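A quick write-up on the structure given underneath.
Since the model is a prediction, treat every value here as computed from it, not as a measurement.
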Amino acid sequence: MYCYVKLGKKKIKTKILTKFKERFKSFRMELNPIKTGLCFVKKKSINTYFFCQHVDIIFTDKEHKILKIYPNMRSEKFILRKRKAYYVYILPANSTTMLKVGETLKVTEH
């Protein structure tokens, strides 16, 4: 299943991961440039072990209010648990420069 995250004037196609194998694989060992995003549901922490590229990570609550933004995260990092987090979005590097904590992330199905 897919959704779209609207960042300014551009939309990023984001895959919603529900199965264990998809969630485990995510962007690990991905050598091609990342152009899409991933959404983890009911996730409070994440790691970037074996990510071959930099990514932006956003933690949001159930209403998509941004709790924390980690721009340009490199590989081999572990992000500790965020208590109120419900969604974790992994997006291409440097795509979250115009977002701020406390804003609502615009997520659509089209």
Side-chain angles (χ1 to χ4, degrees):
M1 177 162 32
Y2 288 94
C3 67
Y4 292 89
V5 175
K6 190 171 183 182
L7 302 170
K9 293 184 178 181
K10 63 180 179 176
K11 286 182 175 179
I12 298 177
K13 188 175 184 178
T14 305
K15 184 174 183 180
I16 299 172
L17 304 178
T18 55
K19 297 179 183 174
F20 174 77
K21 192 173 182 179
E22 292 175 335
R23 291 169 70 117
F24 183 75
K25 171 73 170 116
S26 63
F27 283 136
R28 286 170 172 72
M29 300 299 191
E30 184 68 37
L31 299 176
N32 296 326
I34 297 172
K35 296 179 183 173
T36 62
L38 298 177
C39 174
F40 295 89
V41 181
K42 295 183 183 177
K43 190 126 171 120
K44 297 184 182 288
S45 65
I46 197 161
N47 65 62
T48 60
Y49 296 129
F50 303 108
F51 279 32
C52 298
Q53 301 175 45
H54 291 237
V55 293
D56 290 351
I57 300 174
I58 302 173
F59 284 85
T60 66
D61 61 6
K62 287 184 180 181
E63 289 79 34
H64 298 288
K65 183 178 176 185
I66 298 173
L67 302 174
K68 191 75 176 171
I69 300 172
Y70 294 94
N72 211 11
M73 288 293 294
R74 61 183 182 167
S75 183
E76 311 305 323
K77 293 291 180 181
F78 183 81
I79 300 172
L80 296 175
R81 183 177 188 270
K82 303 295 173 218
R83 198 172 115 235
K84 295 181 181 179
Y86 190 79
Y87 296 105
V88 177
Y89 291 92
I90 301 178
L91 301 172
N94 301 319
S95 61
T96 61
T97 55
M98 72 286 292
L99 295 176
K100 295 177 185 167
V101 174
E103 291 180 357
T104 301
L105 190 65
K106 296 174 184 163
V107 179
T108 62
E109 293 184 12
H110 311 325

For this session: Count the heavy atoms of every other residue, nucleotide or ligand shown that sit under 6.0 Å from NZ of Lys65, and state whether that count exceeds 12.
Result: no

Exercise. Ignoring hydrogens and geometry, is there a side-chain-to-backbone donor-acceptor pair from Lys44 to Ala85 under 3.5 Å?
Worked result: yes

Seminar exercise, completed: Note: Thr60 and Ile66 closest approach over all heavy atoms is CG2-CA, 4.1 Å

Problem set entry | Step-by-step side chain to side chain contact (heavy atoms under 4.5 Å, CB included) determination, Ile79 to Phe59 | CA-CA 10 Å; Ile79 300 172; Phe59 284 85; 3.7 Å; yes

Exercise. Nearest heavy-atom pair of Ser26 and Arg28: which atoms, and what distance?
Worked result: OG-NH1, 2.9 Å

Seminar exercise, completed: Here the gap from Ile90 atom CD1 to Ile34 atom CD1, rounded to the nearest 0.5 Å, amounts to 8.5 Å

Problem set entry | Whether over 12 other heavy atoms sit under 6.0 Å from Glu109 CD | no

Exercise. At what distance, to the nearest 0.5 angstrom, does CG of Leu91 lie from CD1 of Ile12?
Worked result: 5.0 Å

Exercise. Mind checking whether Leu105 and Met1 sit in one hydrophobic cluster, side chains of I, L, V, M, F, W, Y counted as touching below 4.5 Å?
Worked result: yes

Problem set entry | Ser75 side chain vs Cys52 backbone, donor-acceptor pair below 3.5 Å | no

For this session: Verify the cluster assignment for Val41 and Val5: are they in a single hydrophobic cluster under the rule of side-chain heavy atoms below 4.5 Å apart?
Result: yes

Problem set entry | In one Ile/Leu/Val/Met/Phe/Trp/Tyr side-chain cluster, 4.5 Å: Ile57, Leu99 | no

Problem set entry | Atom pair NZ (Lys77) and OH (Tyr70), whose distance is rounded to the nearest 0.5 Å | 11.5 Å

Problem set entry | Heavy-atom neighbours of Met98 CE exceed 12 at 6.0 Å | yes

For this session: Taking all heavy atoms of Asp61 and all of Tyr86, pick out the closest pair and write down the distance.
Result: C-CB, 3.8 Å

Exercise. Are there more than 12 heavy atoms of other residues, nucleotides or ligands under 6.0 Å from atom CZ of Phe78?
Worked result: yes

For this session: May I ask you to decide if Phe50's main-chain N or O and Glu76's side chain share a donor-acceptor pair within less than 3.5 Å?
Result: yes

Exercise. Which atom pair, heavy atoms only, marks the closest approach of His54 to Arg74?
Worked result: CE1-CB, 3.6 Å

Problem set entry | Tyr2 six-ring centre to Lys13 NZ/CZ under 6.0 Å and within 45° of normal | yes

Exercise. In this structure, which one of Thr97, Asn94, Thr96 forms a side-chain hydrogen bond (donor to acceptor under 3.5 Å, both in side chains) with Asp56?
Worked result: Thr96

Exercise. In Å, rounded to the nearest 0.5 Å, how long is the span from NE2 of His64 to OH of Tyr87?
Worked result: 4.5 Å

Problem set entry | Taking every non-hydrogen atom, the tightest pair across Phe27 and Thr36 | CZ-O, 3.6 Å

Exercise. With hydrophobic residues grouped by side-chain heavy-atom distances under 4.5 Å, do Tyr89 and Met73 end up in a single group?
Worked result: no

Problem set entry | Any donor-acceptor pair under 3.5 Å from Lys15 side chain to Leu38 backbone | no

Problem set entry | Non-hydrogen atoms of Gln53 and Pro33 that approach each other most closely | OE1-CA, 3.6 Å

For this session: Calculate, to the nearest 0.5 Å, the distance between atoms CG and CD1 belonging to Leu80 and Ile46 respectively.
Result: 13.0 Å

For this session: Check the surroundings of atom NZ in Lys25: do more than 12 heavy atoms from other residues, nucleotides or ligands lie under 6.0 Å from it?
Result: yes

Problem set entry | NZ-NZ distance between Lys43 and Lys82, expressed to the nearest 0.5 angstrom | 14.0 Å

